[in-house]
Amino acid sequence: MEIKTAVASLAALALEGRLSIFRLLVQAGPAGLPAGEIARRLESLPNTLSANLNVLSNAGLVASRRDGRSIIYTANYEAMRDLLGFLMEDCCGGAPEICAPLAEAVAARACAC
C-alpha cells in the first residue's frame, strides 16, 4: 500500500460518523446493508450519510451495488487488510514482543468472513 492511499484511508476514518459507518459495515459482513438501514441504525440524516459514504467510497473503504431500488454498501475487506498491514509493516523493529499483544488481540477478534 502506498503512503498516499494509507493517508486517504486514515483521513476517511478520522471522523466519528464515518468510522461508525465503516464499523457497522464490517460487522454486517459481505452481505452489506442498504443505505436506509445504515441511516436508521446510526440515526443519520440522509444527506450526511450520503456525504460520509462518498468519502469512504473515494478512499476505497466501501463499495456499493444496486439491488432493485436500494443501494447496498459493503466494507472493502481487502482495503482494510491492506491498511492494517501497512500500519503493522515495520512493527517491532526486531523486537516481536512489542507487537505480540496486538497480534493476539487481532487473532482473538478474527471473524470467519
- Task: Verify, without hydrogens or angle tests, whether D82 (side chain) and M1 (backbone) share a donor-acceptor contact under 3.5 angstrom.
- Result: no
Approximate separation, where rounding is to 0.5 Å, of [X] [atom1] and [Y] [atom2]:
X	Y	atom1	atom2	result
N54	R18	CG	CZ	10.0 Å
I38	S20	CD1	OG	11.5 Å
D67	I72	CG	CD1	5.0 Å

Same cluster or not: [X] versus [Y], using hydrophobic residues (I, L, V, M, F, W, Y) connected whenever any side-chain heavy atoms lie under 4.5 Å apart?
X	Y	answer
I71	L42	yes
L49	Y73	yes
I3	L83	yes
Y77	L53	yes
L15	L10	no

Taking all non-hydrogen atoms of both residues, which atom of [X] and which atom of [Y] are closest, and how far apart?
X	Y	result
S9	A59	OG-O, 3.8 Å
T74	G32	CG2-CA, 3.5 Å
F22	L61	CE1-O, 3.3 Å

- Would R40 and E37 pass as an ion pair if we require N to O under 4.0 Å? yes
- Query: Of L25, L13, L19, which is the lone residue that meets side-chain contact (heavy atoms from CB on, under 4.5 Å) with L56?
  - Reply: L13
- Query: What do the steps show when you test L33 against R41 for side-chain contact (heavy atoms from CB on, under 4.5 Å), and what is the final call?
  - Reply: CA-CA 10 Å; L33 290 171; R41 289 192 192 183; 3.9 Å; yes
